[in-house]
2 protein chains.
Amino acid sequence: MATNISRLTSLLLGTSLAATMASANGGELEKVMKARGLTENDVIHAAKTYTPSGGRDEFMIFSSGGQSGQIMVYGVPSMKILKYIGVFTPEPWQGYGYDEESKKVLREGNIRGREINWGDTHHPAISETNGVYDGKWLAINDKANPRIAILDLNDFETKQIVVNPVFKSDHGGAFFTPNSEYILEASQYAAPFDNNYHPIEEYKETYRGGITFWKFNDKIGRINQKKSFVLELPPYMQDLSDAGKGASNGWGFTNSFNSEMYTGGIEVGMPPFEAGCSRNDTDFLHVYNWKKLATLTKNKKNYKVINGIKVIPMSVAVANNALFLIPEPKSPHGVDVSPDGEYIVVCGKLDTHASVYKWSKIQKLIKDHKYAGKDPYGIPILSMKDSLHGQVELGLGPLHNQYGKHWKDGEIYTSLYVDSQIVKWDYKHLKVLDKVNVHYNVGHLCGMEGKSADPQGKYIISLNKLAIDRFDPVGPLHPQNHQLIDISGKKMDLLYDMAIPLGEPHQAVAIRMSKLHPEVRYKMGTNSRTGKISKGKTLAGQERVVRKGHNVTVYATLVRSHINPERVTVNKGDIVTFYLTNLERAEDETHGFTVDNYDVHASLEPGKTASVKFKADLEGVFPYYCTEFCSALHLEMMGYLMVKDPNKKYVSAQKLKMKTMSKAELKAEYDKTVAVNTATDAVIQSVVKFLKANHYEKYPTVKALVVDALDQYGKIPAQKKLSDKAVKAGDLEKAVLFENMIWQYMVKTADVGIRAKNLLVKKVATKQSAAAAAGERAFGEGGCGGCHVIGKVSSGPDLTGVLQRHENAEKWVRNFILNPKSKYHDPYVEGMINYFNLRMPNQHMTKEEVNNIVEYFKWVDENANLF
Amino acid sequence: MATNISRLTSLLLGTSLAATMASANGGELEKVMKARGLTENDVIHAAKTYTPSGGRDEFMIFSSGGQSGQIMVYGVPSMKILKYIGVFTPEPWQGYGYDEESKKVLREGNIRGREINWGDTHHPAISETNGVYDGKWLAINDKANPRIAILDLNDFETKQIVVNPVFKSDHGGAFFTPNSEYILEASQYAAPFDNNYHPIEEYKETYRGGITFWKFNDKIGRINQKKSFVLELPPYMQDLSDAGKGASNGWGFTNSFNSEMYTGGIEVGMPPFEAGCSRNDTDFLHVYNWKKLATLTKNKKNYKVINGIKVIPMSVAVANNALFLIPEPKSPHGVDVSPDGEYIVVCGKLDTHASVYKWSKIQKLIKDHKYAGKDPYGIPILSMKDSLHGQVELGLGPLHNQYGKHWKDGEIYTSLYVDSQIVKWDYKHLKVLDKVNVHYNVGHLCGMEGKSADPQGKYIISLNKLAIDRFDPVGPLHPQNHQLIDISGKKMDLLYDMAIPLGEPHQAVAIRMSKLHPEVRYKMGTNSRTGKISKGKTLAGQERVVRKGHNVTVYATLVRSHINPERVTVNKGDIVTFYLTNLERAEDETHGFTVDNYDVHASLEPGKTASVKFKADLEGVFPYYCTEFCSALHLEMMGYLMVKDPNKKYVSAQKLKMKTMSKAELKAEYDKTVAVNTATDAVIQSVVKFLKANHYEKYPTVKALVVDALDQYGKIPAQKKLSDKAVKAGDLEKAVLFENMIWQYMVKTADVGIRAKNLLVKKVATKQSAAAAAGERAFGEGGCGGCHVIGKVSSGPDLTGVLQRHENAEKWVRNFILNPKSKYHDPYVEGMINYFNLRMPNQHMTKEEVNNIVEYFKWVDENANLF
């Protein structure tokens with residue numbers, strides 16, 4: 001019968017989604033669609049991306065932040081941006097570059113003594129185990145100032161920056177080798193390896209490209225610079241790279257776009273660089289054996305040391321069969337190795353084809369020493385034709401590739417810059433399968449683990465470079481546009497436009513959310529940049545100010561809602577260091593710290609110790625405060641740094657006469673404060689009782705809140721002691737203040753405790769029947785909730801137990817709702833009217849709604865203990 | 001009959017949305033809901049927020065960026081973040097703080113000679129005309145380093161920063177007066193107005209609070225510091241403020257939270273500041289007449305000058321009836337004046353009530369000199385009871401208020417920090433109407449123009465301070481959570497959780513999108529920070545390098561895809577300035593510029609001139625390049641800065657021997673290049689013909705693209721001249737290069753031209769019938785599109801005109817799709833099979849689908865000229 005109904009419905013409805021909405025949910029969806037001009041497809045797309053409150057994503061994206069110098073993190077399919085992480089540019093929210101610990105990391109990126117305070121981040125990469133992303137470390141390059149940064153995916157912080165000592169720019173990095181042995185970084189604009197001037201006329205002789213192989217220690221997540229090395233290459237302007245895997249493990253591949261070795265010079269009457277560097281039909285794919293190269297570095301005769309790094313000359317690499325060239329269509333962008341390492345797909349930006357090279361063919365040519373020629377630097381050239389599996393015409397401006405879940409069948413996706421399309425094609429059987437338009441010019445595209453050994457399919461993100469008419473205008477500088485495309489069906493389906501509010505992301509990398517397990521707090525006293533316990537770690541009771549000559553070190557703690565100490569006095573000219581430890585254990589209880597006007601800032605997540613340091617060269621009074629809205633008393637979390645000029649004589653101000661309180665007044669205030677605390681404590685105890693009775697410990701999220709609440713509550717006895725001591729000493733003024741502090745702790749306890757209680761109620765209440773649920777909705781939407789709050793007296797009486805309050809109560813309630821007037825003279829109702837000074841109005845409900853509301857009241861009574 | 005069907009459907013379906021989905025759209029929505037665990041309500045919420053590609057928002061939100069020091073811009077209801085604007089913190093993507101023009105603005109924010117490179121932005125405000133937002137200027141304060149920044153909403157850039165010369169921190173700003181006469185800025189942590197040390201023991205005597213009234217010039221959007229002044233206040237720790245309007249125009253209101261004047265001192269055994277400053281049940285609302293105060297500054301006897309600014313002593317304000325205090329519930333946050341200026345709503349954070357003061361009552365007390373007493377500084381205190389309209393118990397931790405569309409009926413919304421709720425209530429009739437839970441602790445809330453004289457209702461955004469379990473974890477530092485709430489119905493409805501990826505936004509302000517009309521390009525050569533033409537403006541042909549002693553000035557231009565000049569040689573130690581002009585007129589054709597390793601960066605939107613300046617103190621070769629992916633040849637847009645040591649003798653490198661081309665080879669290449677250009681030009685001409693024939697000029701978005709394409713195309717004749725000149729001079733090498741440049745311009749023309757064509761096709765094609773539309777879908781989803789592309793030969797033949805190609809074509813096509821095998825030996829099909837090396841497969845379509853596809857083909861033929 002159910003099937004029949006469904007068929008009949010189907011028949012009546014046709015296939016139009018919108019038509020069915022008319023009757024559903026009071027037609028609300030149709031109303032919304034009409035009002036907002038949404039089509040049926042829009043609603044499907046909305047449902048495919050919309051992520052309700054508290055919902056989770058399937059993939060996490062790490063996107064380069066482009067010229068912002070940062071990394072952007074977002075979720076798929078929600079396309080919610082979750083974090084910008086400071087990498088090459090100082091970022092004050094995170095204290096990055098504003099506290100001493102992170103400054104140390106940022107300053108590792110100085111070049112030849114110069115502070116660099118930004119970066120042009122390009123290609124993020126996730127560390128790999130057997131070619132599969134392991135979710136442990138993230139690397140990214142800076143094109144403008146050739147550097148690599150390493151981030152820890154345990155806390156999403158930048159831990160290391162290394163400077164390339166011989167390159168003057170980079171582009172084709174970062175790429176991990178399949179077991180994270182090395183990170184590849186290719187140069188971009190050729191330049192001399194030394195730091196000297198060489199005239200442009202000697203470009204071919206003295207300018208060089210190269211690949212740097214950064215030795216990576218996967219255990220500690222740091223690059224070992226001493227074990228790293230460089231392969232010298234001709235000045236062909238090397239571009240993107242990829243490490244081989246599977247069949248091609250041990251090898252690397254790098255594109256180039258100026259094998260013409262043109263150098264431009266508009267100012268001397270020559271055509272611009274762009275004309276000369278795209279003159280030839282082909283450029284060179286560089287093929288090199290990094291495993292072999294690594295062993296070469298063990299013998300001194302195989303390398304030169306330039307600016308402190310080992311550089312293997314081209315001639316040595318050639319002599320050891322470790323370096324080859326293959327022609328590729330001109331000015332290519334992406335070179336992307338298939339998950340099994342057997343195919344290498346190259347897109348020639350100024351060609352309409354993708355070229356699929358086959359590793360077994362290349363390998364054979366190498367093995368057989370079958371060369372088509374040599375380049376001017378003596379590097380063997382392999383025949384393009386003999387290396388190719390084949391070519392496919394994709395469209396105008398093919399750039400980059402990502403593999404799909406069915407890569408074994410040849411599934412691959414490519415971005416077309418000029419055509420503004422993503423094309424799905426088959427790299428094995430060499431045919432185009434589908435195309436989808438994007439808005440507009442796309443650079444990279446990002447598949448879900450789409451360049452790993454285990455592509456996940458499902459989505460492709462198109463990283464578009466122009467947004468023009470896509471979003472509401474925000475001035476001449478537009479956001480970029482990342483478009484989410486569903487690739488799970490036969491046809492690609494464009495789901496969502498995401499505006500990029502900061503920087504121009506160059507490339508992004510996706511990983512399954514299930515592979516990430518970041519921490520929410522640090523071990524107490526951790527210097528997060530080193531992972532070690534900070535020498536400034538300070539526990540409660542250890543706060544102190546230590547002076548050594550002109551160096552003043554403050555060991556401070558932060559906890560809801562005070563900084564200890566609250567006043568620090570130093571001399572003008574002192575070097576002041578604040579070590580700051582956040583004593584909180586509760587998740588998300590971050591505190592911030594700044595001293596006004598001194599240009600320092602720290603973000604202190606639970607357990608972290610960080611420090612700020614400055615010369616107190618300005619006399620005066622400078623507030624310091626917690627910069628994160630951490631609790632109800634956040635605004636009050638402050639202190640004063642006083643900078644005294646030791647060479648100045650200060651005259652005391654004339655004391656203002658203020659009214660003081662009499663002993664009796666003080667006693668009255670003391671008694672009142674204690675009474676308020678006793679009453680507040682009773683409320684807290686009732687919440688605690690409720691939590692215990694309902695086994696809060698069974699629900700981890702509730703338990704975490706209760707632990708935090710009890711932690712706050714546990715601070716009270718110490719304050720009580722101080723209060724009692726003050727009472728004994730006859731200092732009621734001070735006792736009142738300590739009693740107030742007790743009250744503050746109670747507020748903090750209640751703040752978290754109530755949140756825990758509300759969460760627990762939802763977990764333990766009995767399941768609502770459909771009628772009761774409909775009744776709750778009717779109760780809310782019908783206007784009852786305006787005056788009645790379940791479990792509380794509000795503008796009308798509490799309705800918990802209403803079905804126990806009257807004879808024949810269900811009927812009584814029904815009648816009252818349907819015709820309130822009829823009961824205005826019922827003595828009970830009359831009493832209520834007088835008390836609240838309001839009459840129950842007629843909400844014109846249907847009988848069905850009223851019946852449902854009664855069912856809802858029954859459910860309320862079943863769970864009366866929870867409200 | 002239609003009604004009957006609808007009723008029947010309704011009957012069969014019940015009211016469940018999910019049930020109806022089973023049959024609709026092939027059940028796709030239900031499938032998605034099931035797969036993603038979405039409820040019916042989720043789908044409604046998705047539809048209320050999802051904004052399809054190219055869609056527009058109704059409101060724009062300017063949110064403070066908190067400790068990031070920036071401003072965040074996003075749309076409502078899409079909740080897409082559109083931009084982070086650099087304000088107090090350098091931001092390299094925008095060149096903010098990395099080019100000379102913006103550095104000048106940023107450095108206006110130096111304090112006592114110290115560079116400040118971050119800010120703690122709190123309260124953004126939009127300029128007003130008659131109390132209504134006019135969408136012209138935006139102001140925001142920095143709490144940590146008391147400053148105000150002004151942004152221009154014409155280009156979303158920061159134009160001015162002013163430093164408060166007497167405050168040591170601020171909080172209660174920025175607030176515009178109703179006609180933007182002044183911007184109010186209240187201090188936060190009391191401190192001496194002078195820059196000297198004063199011991200904390202003299203807090204009451206020498207520490208002061210205050211309000212600064214920044215005189216604003218609404219025409220040019222700048223603060224006039226000379227015409228600004230300060231009102232001295234007691235050290236009560238002034239907090240939020242609001243300017244009166246309507247009835248209370250001319251007055252201002254400021255809260256406070258430490259009327260106890262407690263100063264803490266845990267380190268000396270006293271309870272923390274948080275305990276002492278919330279001891280009393282009430283603090284003070286400050287009420288002052290800014291119009292009166294402004295006139296007082298005209299007479300020297302009424303003010304003192306401290307650190308260069310006029311300061312009106314409290315005594316003078318009191319003597320002139322311009323300053324009063326009213327008790328308010330303790331430690332309040334928001335003070336929010338109703339749209340007509342008659343009510344002032346104050347929320348006492350540590351009280352459960354909102355207090356509604358009535359302006360007419362306050363005014364009468366002032367007029368009648370009816371004071372309840374005086375504070376220790378002699379300021380008259382008005383009776384709280386006599387000033388109040390009434391109080392309402394809202395819940396735990398009420399903070400801030402926003403007015404709804406029906407504010408005349410009393411509609412107001414308040415955030416509850418401890419209860420984690422938004423409460424809707426009636427400030428006129430003093431009753432609670434509705435509450436909604438938020439996740440979690442909310443600080444400010446943002447209504448749509450909810451604090452202006454013309455609140456728009458519709459939405460409330462809850463700015464939540466903790467996110468804990470709301471999003472996928474990103475380490476110990478969590479994003480914040482802005483929650484969008486629909487307030488258009490009776491009950492508030494929580495629609496969307498938005499993660500905040502950067503900074504902790506403190507407050508946000510909303511404005512109707514229709515009020516904003518930002519520019520997309522600058523007048524050629526504009527210094528965007530001053531709005532004036534830059535002295536470095538450089539047009540095509542004016543590029544040059546000017547040397548004066550050690551100062552080298554490069555006047556450079558940027559245009560797709562080269563920087564002119566491409567080589568600049570300077571001496572080590574020279575001071576180098578690059579003036580950069582982006583010659584583009586096309587929207588979104590931004591170029592970026594950096595010199596590697598020199599820590600400079602500029603973002604050059606169309607028409608902008610900006611400059612970077614540095615000392616060339618490092619010898620060597622430094623690439624410079626365009627940092628924005630501006631066109632297909634973006635990567636090639638580069639040049640070299642050569643820094644020579646004038647004291648060094650350089651030895652020339654030995655020339656490498658390279659193969660050169662023979663004259664015949666060169667001639668062949670030249671001919672080939674010219675031929676390619678001729679062919680490419682023919683394609684361009686055909687596109688142009690299509691565009692003209694279809695009246696591109698009627699569609700502004702298409703027209704803008706065509707203008708840009710023709711602009712690129714127009715650059716070709718000059719290159720052709722150079723090529724021809726080279727041919728005449730016998731330099732075929734050079735001629736080839738210029739021909740390549742011509743080709744590059746053609747690529748750029750085609751890039752934009754094709755986008756214009758595709759856009760135009762959509763605008764001019766005939767309307768599809770429902771059957772044709774279904775047919776197009778079936779064509780796409782049934783797999784046809786894998787081989788056939790309309791208008792193009794792909795992996796299968798072009799199907800344009802297929803209904804003309806066969807006898808009885810409709811029937812032929814139908815049969816062929818339903819049973820391809822039957823026609824494999826039809827000579828035409830056989831030819832195709834041989835040509836494409838592929839056979840048409842059976843896609844198992846229904847007869848209806850095939851009929852629809854035929855209808856689609858008819859539509860294609862109708863519009864054949866468009867493909």
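To find a chain, count down the sequence lines: A is the first, B the second, and so on, and within it residues start at 1.
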Under 4.5 Å from a heavy atom of chain A, the part of [X] involved:
X: H45(B); result: both
X: L466(B); result: both
X: R521(B); result: backbone
X: S278(B); result: both
X: R567(B); result: both
X: S53(B); result: both
X: K204(B); result: both
X: T206(B); result: side chain
X: V32(B); result: side chain
X: F471(B); result: both
X: F738(B); result: both

Residue pair I81(B) / P501(B), side-chain heavy-atom distance below 4.5 Å: yes
Would a 4.5 Å heavy-atom cut-off, applied to side chains only, mark K349(B) and E636(A) as touching?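 Contact flag for K349(B)/E636(A) side chains = yes.
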Over all atoms of both residues, closest heavy-atom pair of V474(B) and K83(A): O-NZ, 2.9 Å
Using every non-hydrogen atom in the two residues, find where P271(A) and A275(A) come nearest and quote the distance to one decimal.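 Residues P271(A) and A275(A), closest heavy atoms: CB-CB, 4.0 Å.
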Keeping [X] on the side-chain end and [Y] on the backbone end, is there a donor-acceptor pair under 3.5 Å?
X: H198(B); Y: P192(B); result: no
X: N117(B); Y: T89(B); result: no
X: E267(A); Y: E566(B); result: yes

Contact winner vs chain B - [options], heavy-atom pairs under 4.5 Å:
options: I266(A), N145(A), D155(A); answer: I266(A)
options: S169(A), G639(A), G66(A), A750(A); answer: S169(A)
options: P606(A), G503(A), G620(A); answer: G503(A)
options: M642(A), R755(A), M513(A); answer: R755(A)
options: N196(A), L494(A), T594(A), N564(A); answer: N196(A)
options: A499(A), A144(A), P518(A), P90(A); answer: A144(A)

Tell me every residue that passes ring pair (Phe, Tyr, Trp, His ring centres under 6.0 Å) with F629(B), counting only those two or more places apart in sequence or in another chain. Y417(A), H634(B)
Contact part of [X] toward chain B, heavy-atom cut-off under 4.5 Å: side chain, backbone, both or neither?
X: V73(A); value: side chain
X: R112(A); value: both
X: I754(A); value: side chain
X: E157(A); value: neither
X: S603(A); value: side chain
X: H439(A); value: side chain
X: L38(A); value: side chain
X: P623(A); value: side chain

Against chain A, work out which of [options] has the most heavy-atom pairs shorter than 4.5 Å and name it.
options: D57(B), D645(B), D472(B), N740(B); value: D472(B)
options: P272(B), G264(B), G276(B); value: P272(B)
options: W118(B), F156(B), F273(B); value: W118(B)
options: T627(B), I111(B), V736(B), T701(B); value: T627(B)
options: S420(B), A653(B), G75(B), G443(B); value: A653(B)
options: K80(B), K465(B), E504(B); value: E504(B)

Could you grab the distance from atom [atom1] of [X] to atom [atom2] of [Y], nearest 0.5 Å is fine?
X: T590(A); Y: Q94(A); atom1: OG1; atom2: CD; value: 11.0 Å
X: K48(B); Y: M33(A); atom1: NZ; atom2: CE; value: 14.5 Å
X: L502(B); Y: W93(A); atom1: CG; atom2: CH2; value: 6.5 Å
X: D599(A); Y: Y98(A); atom1: CG; atom2: OH; value: 6.5 Å
X: C277(B); Y: Q744(A); atom1: SG; atom2: CD; value: 7.0 Å
X: S652(B); Y: E205(A); atom1: OG; atom2: CD; value: 10.0 Å

Test applied, side-chain contact (heavy atoms from CB on, under 4.5 Å); reference residue, D588(B); option that passes from I468(A), D469(A), L477(A):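 Looking at I468(A), D469(A), L477(A), the match for D588(B) under the side-chain contact (heavy atoms from CB on, under 4.5 Å) is I468(A).
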Between Y197(A) and Y650(B), is the ring-ring contact (aromatic ring centres under 6.0 Å, His included) condition met? List the steps. CA-CA 8 Å; Y197(A) 162 79; Y650(B) 294 98; 5.1 Å; yes
Are the charged groups of E274(B) and R279(B) less than 4.0 angstrom apart, N to O?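 No, no charged N to carboxylate O under 4.0 Å.
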Pair D596(B) + K168(A): basic N to acidic O under 4.0 Å: no
